[in-house]
Structure formats: structure tokens, C-alpha cells
Amino acid sequence: MSSGAEAIAKVAKAAFEVSQLIAAAERVHALHEIKKELEMNKQAILSANEQDMAHAEAEAAAGRLAPSLVKRLDLRSVEKWDAILQGISDVAALPDPTGTVSYARELHDNLELYRVSCPIGVLLIIFEARPEVVVNIAALALRSGNAAILKGGKESARTAAELTRSIQSALARTRLPVAFIQTVETRAEVAALLAQDRYIDLVIPRGSNALVRDIQNSTRIPVMGHADGLCTVYLDESADREKAKRVVVDSKINYPAACNAAETLLVHESLLDSVWFGVAGALLAADVRLLCDGPTLSSLNSPAGLAALPLATNPNLATHVVPAPPEAYTTEHLALTLAVRTVPSLPAAIAHINAHGSHHTDCIVAESEAAASAFVRGVDSAGTFVNASTRFADGFRYGFGAEVGISTGRIHARGPVGLDGLVTYKYILRSKDAQGHIVGEFGSGSGKKQYTHQPITATELPF
């Protein structure tokens, strides 16, 4: 298997190297060709997706697959299909992230230094279930000039294969190598590819914490980690009742299987007999199961709680509110389930999130600017929001066109990773002196040249 993996990685590296001498405009042309090809092959792709869905639903019915994974597989809605195509157009319209000068200095007369953005190289991207990720990542890889090897979940194998065929058919009509975007199907291939540090430059796993940690422990290649989405909404003592209902409910129910859906709700103790009733009622009306700590549970069962949420009009109060087990606050539920805990203060809320969250995206609902300011600075997450649903944590919504994932790390890229997260930089030094420049001519002695370090105004290389 290693020889096969080496061949895949070697071909990807060769495709990357060839592409570096092809104009960026050709990569944009390739994106438009991919969109056309997907539109032409829509029926074949959706037919493959239907087969994947049927198999996944049978596995879920047998208890061998989580229902949340089944939801992630489905491409059949008009909205999702249109979003895939629109994502390609959006990425194609973004500025080229490569070739941008971020630092330029004249070191001496006719000796110029430029720091220029450039692609990372070959990306190995491993993801679970969602087949549209094949297109999202292919688009971002192409626009940023990176070759990519993709491995999706076995549940979406048929859909991913059809999508890859369309992408490679489109690439065949351009000057870019067809092997610029490749997919592999088995875990054995991934395990062998993780040893190809000579050819692969970055691994991006999208999935569970266990998946990310397993890959980090299995390779010498740098890993851009995307761990669990343990997102929290905190209701500050200054929270507005109606605003809290809107933000909490959307954060939980808009797409419960997403990594940016809320999994924990923290309630300031001063709200237990007021705002909490309204939020709980809205969640129960949306069929959300509440795993409550002692104070929030007691509040709902108190005379005031039963008056605010009478059983006659809130039947889910009897079936959907249960005591929270200890693991509730460290579990990514990926369903209509929300863990609820009472906190005595804003510092306690921040401490809870930093200790139990996954550093993904967290939100405060507050009217106090001082509380909002402390929250966004004190919470150590890739996204800290004020009065806005955690579901906004998304590359498309941020205007990135698409994303390869959400990085919960702190080095190179953090949060939704779009084009800027897929480039690095190189230093380019050019001498325009008739004899060239040598270091031996510089120093502190008599007759030695001195560095000038004068800034140069430049946004791109002048040659």
C-alpha cells in the first residue's frame, strides 16, 4: 500500500510544481469549468447521493450509524445544491491570495528583498460524511494554488466518486494537471499517505476530536486541527429576553448536526425566574431536550416555572427536561439536545467555557457592553460572538467563499480556514547590481558596505 500511496503523493507534488508556472487566471478558468461540469452531471451525482443516503439510513436504522451523520450526507435539497455551485463562483471571484507582497525593503543600493505569499504545496484533507466538502476544498485548493488529496467518509463514497469525476473532467479542459485534485477511498491509503512527508506538506482533518488526535499521533506532517464543536451560549445578567430566545434557539436548531451548533447553555443565576423561562419555553417548543443542572431544573419545576410554562401548553416540559449527567457539558450532542448550567457570574461563565469547551465558537447574549467586551477577550476560542448565533461561524458566511474547516489551533490559521489560511510566504531577494551582491562586502570595517533597510512600496513583485 505504501508504494501506491507514494505514487499518489508523488503525482500530487509533481502537479503542484507544474502549476506554479501557470498563470493564476487559469485556476479561475478551471473553477468555472468545474461548475459547468457539475451542472451537466447533476443527475448522476444526485443518483449516487441517493444510493449513499439509502445505505446510510439502513445503517442508522440498525444502530450502526449516528442519525446526525445521515443528515450531513444529503445533497438533494435545492438549497444545498445551489449553495455548492454558488460557493464555486464566490471562490472564483475572490482576489488571488498568492503573489501578494507583505514586506519589501531595499537592503542596499539595488539589493531588494520581498516577502511574497505563495501556496503551501500538497494538502491531504480528511473529512467525515459531508460529500460537498469535496467541491468546497477543491475550489479553495485551486484558487490558492495548492494540490489536494481528499479522503471522505465511506458513507459518502459514491457521491464523492461522482464529484471527483466531474472535477477531473473539468481539469482535463484546462492547462492544469488532472492530478491536481485527487481522492482516495480507504483508511489504509490514508495511513500510508500520512507517512509521505516528503511530498505532502499539510494534513487537515475535519471530524471528531478522536480523528484529529489519531492523525496528529500518526504523522510527521504538520496538522491543522479541527476538533469537536463544543459551542456555548452564555446568557448574561443583562440579557434581553426576546434576543436571548432568538439567538439560543437558532444556535441549537438551525442545523444541530453542525460543528458550530450550540451544545451548552450557561444561564446567569439572576435570570432563573425570568429570561430562563422564556428561553426554555422556546427550546421546548422546538423539540429540544434539555439536560439541566439542579438550579435550572428546580426553577422550571417551581410554582413560578409551572405558571410561566404550564404543562397544558408545554407538554414537552414533562418529557424533554431531565437532570444533566456529568458528561453532558463535554459532549458534542449533534442533535436536538442541549446541556444547561447555572453560573454565578461572567468570570464563572468564561472559566467554564475555557475549561469544558473546544475553543471553537462561543456567544454571549448581553446588553452590557462591559460584559460583552470582557467575554470576547476572556474566552479563548477561535470565534467569540455577541448577540449573534454561533451558526455564523462559517467560511461562506464570513465571505471566504467556502472553507476547508474550522481550525481550533492557534498557529498559522484559526477559525474558518479560507484562502488566507491556505497560503504561506517566501522571501525573494534580487540584486540589480552589475556584479551582483555578496555578504563579504558588508560589515563594520573601513570600506565595508552598510545595510540601508529602506522601505519599498510594492504590493506585488516588480518582475
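Treat the numbers as computed from the prediction; the structure is a model and nothing was measured.
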At what distance, to the nearest 0.5 angstrom, does [atom1] of [X] lie from [atom2] of [Y]?
X	Y	atom1	atom2	value
Leu193	Glu189	CG	CD	7.0 Å
Lys426	Ser117	NZ	OG	10.5 Å
His360	Thr390	NE2	OG1	8.5 Å
Met53	Leu75	CE	CG	9.0 Å
Ile406	Ser381	CD1	OG	11.5 Å
Lys80	Leu85	NZ	CG	13.5 Å

Are side-chain heavy atoms of [X] and [Y] found at a separation under 4.5 Å?
X	Y	result
Val134	Ile181	no
Ser238	His268	no
Ile353	Phe375	yes
Thr100	Val423	no
Leu176	Leu142	yes
Val365	Asn387	yes
Leu422	Pro97	no
Arg105	Glu112	no

* Asked: Is there a donor in the side chain of Glu132 and an acceptor in the side chain of Asn136, or the other way round, less than 3.5 Å apart?
  ->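 Not at all, the side chains of Glu132 and Asn136 share no donor-acceptor pair under 3.5 Å.
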Would one find more than 12 heavy atoms of other residues, nucleotides or ligands at under 6.0 Å from atom [atom1] of [X]?
X	atom1	answer
Lys449	NZ	yes
Tyr425	OH	no
Phe392	CZ	no
Asp420	CG	no
Glu369	CD	no
Arg410	CZ	yes
Glu441	CD	yes
His55	NE2	no

Judged by atom type as modelled, is there a donor-acceptor pair below 3.5 Å linking the side chain of [X] to the main-chain atoms of [Y]?
X	Y	result
Glu263	Tyr329	no
Thr183	Lys151	no
Ser144	Ala141	yes
Ser19	Phe16	yes
Arg391	Ala261	no
Arg198	Ala9	no
Asp250	Arg246	no
Asn146	Leu123	no
Ser47	Gln43	no
Thr219	Leu194	yes

Exercise: identify the closest heavy-atom pair between [X] and [Y]:
X	Y	result
Pro177	Leu171	O-CD1, 4.0 Å
Val11	Ala179	CG1-CB, 3.2 Å
Cys231	Asn260	SG-CA, 3.8 Å
Pro119	Thr424	O-CG2, 3.7 Å
Leu73	Ser156	CD2-CB, 3.5 Å

* Report the C-alpha separation of Thr264 and His356 in whole Å, then their side-chain angles, then the decisive distance to 0.1 Å, and conclude whether the side chain to side chain contact (heavy atoms under 4.5 Å, CB included) test is met. => CA-CA 10 Å; Thr264 299; His356 300 287; over 6 Å; no
Salt bridge or not between [X] and [Y]? Use side-chain N to carboxylate O under 4.0 Å.
X	Y	result
Glu26	Arg175	no
Lys243	Glu367	yes
Lys42	Glu39	no
Asp52	Arg76	no

* Do the two ring centres, one from Tyr234 and one from His352, sit under 6.0 Å apart? ->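 No, the ring of Tyr234 stays outside the 6.0 Å limit from the ring of His352, centre to centre.
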* To do: Using the salt bridge (Lys or Arg N to Asp or Glu O under 4.0 Å) rule, collect all pairs that involve residues 11-25, keeping only residues at least two apart or in two chains.
  => Lys13-Asp201
* Begin with the C-alpha distance, continue with both residues' side-chain angles, and end with the deciding distance and a verdict on side chain to side chain contact (heavy atoms under 4.5 Å, CB included) for Asn254 and Ser389. => CA-CA 9 Å; Asn254 179 262; Ser389 170; 5.8 Å; no
* After noting the C-alpha distance and the side-chain angles of Val379 and Asn354, does the key distance pass the side chain to side chain contact (heavy atoms under 4.5 Å, CB included) rule? -> CA-CA 6 Å; Val379 171; Asn354 288 341; 4.1 Å; yes
* Chi angles and distances behind the side chain to side chain contact (heavy atoms under 4.5 Å, CB included) call for Leu163, Ile45 -> CA-CA 7 Å; Leu163 291 169; Ile45 293 165; 3.8 Å; yes
